[in-house]
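These notes concern the structure reproduced below.
Residue numbers count from 1 along this sequence. Nothing here was measured: the structure is a model prediction, and the numbers come from that model.
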Amino acid sequence: MAMNKVKVYSDVELKDRLVAINRVTKVTKGGRTFTFAAIVVVGDGKGVIGYGLGKAGEVTAAISKGVEAAKKNLVKVSLLKNTIPHEVEARFGGARILMRPAAPGTGLVAGGAMRAVLDSVGVKDILAKSRGSSNPHNLVKATIAGLSQLRDAYTVAGMRGVSMEKVFNG
């Protein structure tokens, strides 16, 4: 499951979206120390997506660290007319996801962390289901792994060395 990382995206307008924030408490002899962990997704809405985890003593610092980490971890995704080209299943840890292309007008039928990822990448019509763990960290990673597995018909034809008609007709 090799993810094709995007090299440079300085000219692209990336929008960040907070997926989840977690308060972590460390108990010491001097009292309790609170830190925050934020998982953030960045995307341009046209097929580029990345995720990052930021940890800091304040929420805003954790979010900004997460955004910086996400910008270093960008992946290009094949989209087809506001949906995905084909059905895909993926898993990461205990999270298992299923994504199916949907007809125009269906909308974004996904829950929680998957919704944030799919919205950031620019998918408008999709049917998505999360099975197994609902841990937002693993759901985000599984969703991005599933999106990176997607191949459009042109890529498949090129890899096989056949015409577009052969890809569809067998």
Side-chain angles (χ1 to χ4, degrees), residues 1-7 9 12-24 35-56 59-60 62-156:
M1 201 172 2
M3 288 191 204
N4 43 351
K5 292 198 177 188
V6 177
K7 302 287 186 271
Y9 266 92
V12 175
E13 185 65 35
L14 294 171
K15 296 183 194 95
D16 56 281
R17 187 161 175 182
L18 179 66
V19 177
I21 193 139
N22 188 24
R23 190 181 78 176
V24 181
T35 56
F36 298 91
I39 186 158
V40 182
V41 172
V42 297
D44 67 346
K46 297 179 192 128
V48 175
I49 188 79
Y51 71 92
L53 176 65
K55 299 177 182 179
V59 175
T60 53
I63 292 171
S64 61
K65 281 184 179 181
V67 169
E68 292 304 311
K71 287 180 181 175
K72 295 176 188 171
N73 189 22
L74 295 175
V75 176
K76 180 80 173 123
V77 176
S78 298
L79 297 179
L80 178 69
K81 299 178 187 169
N82 293 331
T83 188
I84 57 177
H86 57 84
E87 184 175 322
V88 67
E89 286 187 50
R91 58 182 302 149
F92 190 94
R96 298 184 325 167
I97 57 123
L98 168 68
M99 294 183 286
R100 287 186 176 158
T106 304
L108 188 60
V109 182
M114 287 180 70
R115 178 177 286 272
V117 173
L118 294 169
D119 189 39
S120 294
V121 81
V123 176
K124 303 277 188 282
D125 302 306
I126 193 168
L127 300 170
K129 178 71 181 162
S130 163
R131 300 180 183 142
S133 172
S134 61
N135 179 351
H137 295 273
N138 287 342
L139 269 179
V140 166
K141 291 173 186 175
T143 307
I144 292 178
L147 289 172
S148 65
Q149 290 175 15
L150 295 173
R151 301 286 176 259
D152 60 346
Y154 299 106
T155 307
V156 173

Rounding to 0.5 Å, atoms NZ (Lys141) and CD1 (Ile39) come to a distance of 6.5 Å
Hey, what do you get for CD1 (Ile126) to CG (Leu108), rounding to the nearest 0.5 Å?
-> 7.0 Å
Roughly how far apart are Ile63 CD1 and Glu68 CD, rounded to 0.5 Å?
-> 13.0 Å
Keeping the roles fixed (side chain from Thr83, backbone from Leu80), state whether a donor-acceptor pair exists under 3.5 Å.
-> no
Leu79 side, atom CG; Leu147 side, atom CG - distance, nearest 0.5 Å | 7.5 Å
Which value, rounded to the nearest 0.5 Å, describes the distance between His86 atom NE2 and Leu150 atom CG?
-> 4.5 Å
For the student: nearest non-hydrogen atoms of Ser148 and Val75, plus distance | CB-CG1, 3.9 Å
For residues 94-103, tabulate all N or O donor-acceptor pairs below 3.5 Å that involve a side-chain atom, not counting sequence neighbours.
residue : atom : partner : partner atom : Å
Arg100  : NE   : Glu87   : OE1          : 3.2

Asp44 CG to Lys76 NZ distance, which is reported to the nearest 0.5 Å | 6.5 Å
What pair of heavy atoms forms the shortest contact from Val42 to Ala70, and how long is it?
-> CG2-CB, 3.6 Å
Which atoms form the tightest heavy-atom contact between Leu139 and Ala113, and what is the distance?
-> CB-CB, 4.0 Å
Would you please name every residue forming a side chain to side chain donor-acceptor pair (under 3.5 Å) with Arg131, sequence neighbours left out?
-> none
Compare all side-chain heavy atoms of Leu74 with those of Leu14 and state whether any distance is below 4.5 angstrom.
-> yes
Going by the side-chain hydrogen bond (donor to acceptor under 3.5 Å, both in side chains) test, which pairs reach into residues 111-125, not counting sequence neighbours?
-> Arg17-Asp119
List the atom of Pro85, the atom of Ser78, and the distance in Å for their closest heavy-atom pair.
-> CD-O, 3.4 Å
Minimum heavy-atom distance Ile144-Ile49, with the two atoms named | CD1-CG1, 4.2 Å
Ala90 and Ala142 have their tightest heavy-atom pair at CB-O, 3.5 Å
